[in-house]
Amino acid sequence: SRKGTYANFNITIYNQGLVDSPNATAAVMKNNNEIYKISINGLKPGSGWFFAISNVRIGADTGNLSVMIDQKNEVNEIDEKNNIVHLIGQ
């Protein structure tokens with residue numbers, strides 16, 4: 001059997017820019033290590049995308065848990081600060 005703590009959460013991503021966003025990835029990070037990844041299709045300006053993440057194993061120590069979009073900084077954006085949300089810690 002698998003032991004540890006599992007996380008379930010919902011995330012909504014919006015394109016707040018003025019142009020179409022390219023395809024990207026969202027990563028669930030624990031202590032700056034990727035533990036889960038999901039692909040995101042490009043978004044039109046003003047549109048959003050909702051997804052539910054279920055049963056992601058995060059282990060006994062939850063540590064710092066966050067979700068990060070464009071973690072490799074491949075998308076040129078005016079505001080890069082809104083690409084991460086801290087779920088636990090920090």
Side-chain angles (χ1 to χ4, degrees):
S1 77
R2 295 171 39 165
K3 294 181 181 180
T5 302
Y6 292 81
N8 300 311
F9 47 92
N10 301 319
I11 300 290
T12 303
I13 298 168
Y14 292 103
N15 178 356
Q16 297 177 329
L18 302 174
V19 298
D20 292 357
S21 67
N23 295 343
T25 58
V28 177
M29 309 290 286
K30 178 183 172 186
N31 298 330
N32 295 322
N33 295 308
E34 184 180 291
I35 60 172
Y36 186 85
K37 184 173 17 175
I38 189 166
S39 297
I40 302 167
N41 293 329
L43 296 171
K44 298 282 185 196
S47 66
W49 192 65
F50 171 86
F51 60 97
I53 297 176
S54 300
N55 295 321
V56 174
R57 186 175 185 277
I58 58 176
D61 171 27
T62 57
N64 293 316
L65 193 62
S66 59
V67 176
M68 180 177 258
I69 308 297
D70 187 32
Q71 66 196 45
K72 295 180 182 175
N73 205 21
E74 297 172 329
V75 178
N76 187 18
E77 301 174 78
I78 294 171
D79 182 6
E80 300 281 348
K81 292 180 273 185
N82 64 355
N83 287 351
I84 188 168
V85 61
H86 300 284
L87 304 171
I88 298 173
Q90 297 186 356

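These numbers were taken from a predicted model, which means no experiment stands behind them.
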Quick one: does any side-chain atom of [X] pair with a main-chain N or O of [Y] as donor and acceptor, under 3.5 Å?
X	Y	value
T5	I58	no
N31	N64	yes
N23	G42	yes

So how far is it from [X] [atom1] to [Y] [atom2], rounded to the nearest 0.5 Å?
X	Y	atom1	atom2	value
N83	I13	CG	CD1	9.5 Å
I53	I38	CD1	CD1	6.0 Å
N73	M68	CG	CE	9.0 Å
N55	Y36	CG	OH	9.5 Å
E34	T25	CD	OG1	7.0 Å
M29	H86	CE	NE2	11.0 Å

**Prompt:** Taking C-beta and beyond as the side chain, do V75 and P22 meet within less than 4.5 Å on heavy atoms?
**Reply:**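 Of all side-chain heavy-atom pairs linking P22 with V75, at least one is under 4.5 Å.
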**Asked** Got L18 and P45 here, is their nearest side-chain heavy-atom distance under 4.5 Å?
**Response**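 Contact flag for L18/P45 side chains = no.
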Can you give me the closest heavy-atom contact between [X] and [Y], atom names plus distance?
X	Y	value
Y14	L43	C-CD1, 4.4 Å
I84	S66	CD1-OG, 4.0 Å
K30	G59	NZ-CA, 4.1 Å
N8	S54	OD1-CA, 3.0 Å
N82	Q16	ND2-OE1, 3.1 Å

**Request:** Answer yes if L65 and V85 sit in the same cluster of Ile, Leu, Val, Met, Phe, Trp and Tyr residues linked by side chain heavy atoms under 4.5 Å apart, and no otherwise.
**Result:**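 Yes, one cluster joins them.
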**Request:** Examine F9 and I40 and state if one hydrophobic cluster contains both, with Ile, Leu, Val, Met, Phe, Trp and Tyr joined whenever side-chain heavy atoms are less than 4.5 Å apart.
**Result:**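 Same hydrophobic cluster.
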**ring-ring contact (aromatic ring centres under 6.0 Å, His included) partners for F51, two or more places apart** =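 Expected list: W49.
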**Request:** Return the set of residues passing side chain to side chain donor-acceptor pair (under 3.5 Å) with K44 (not counting sequence neighbours), or none when no residue passes.
**Result:**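 So K44 forms a side chain to side chain donor-acceptor pair (under 3.5 Å) with D20.
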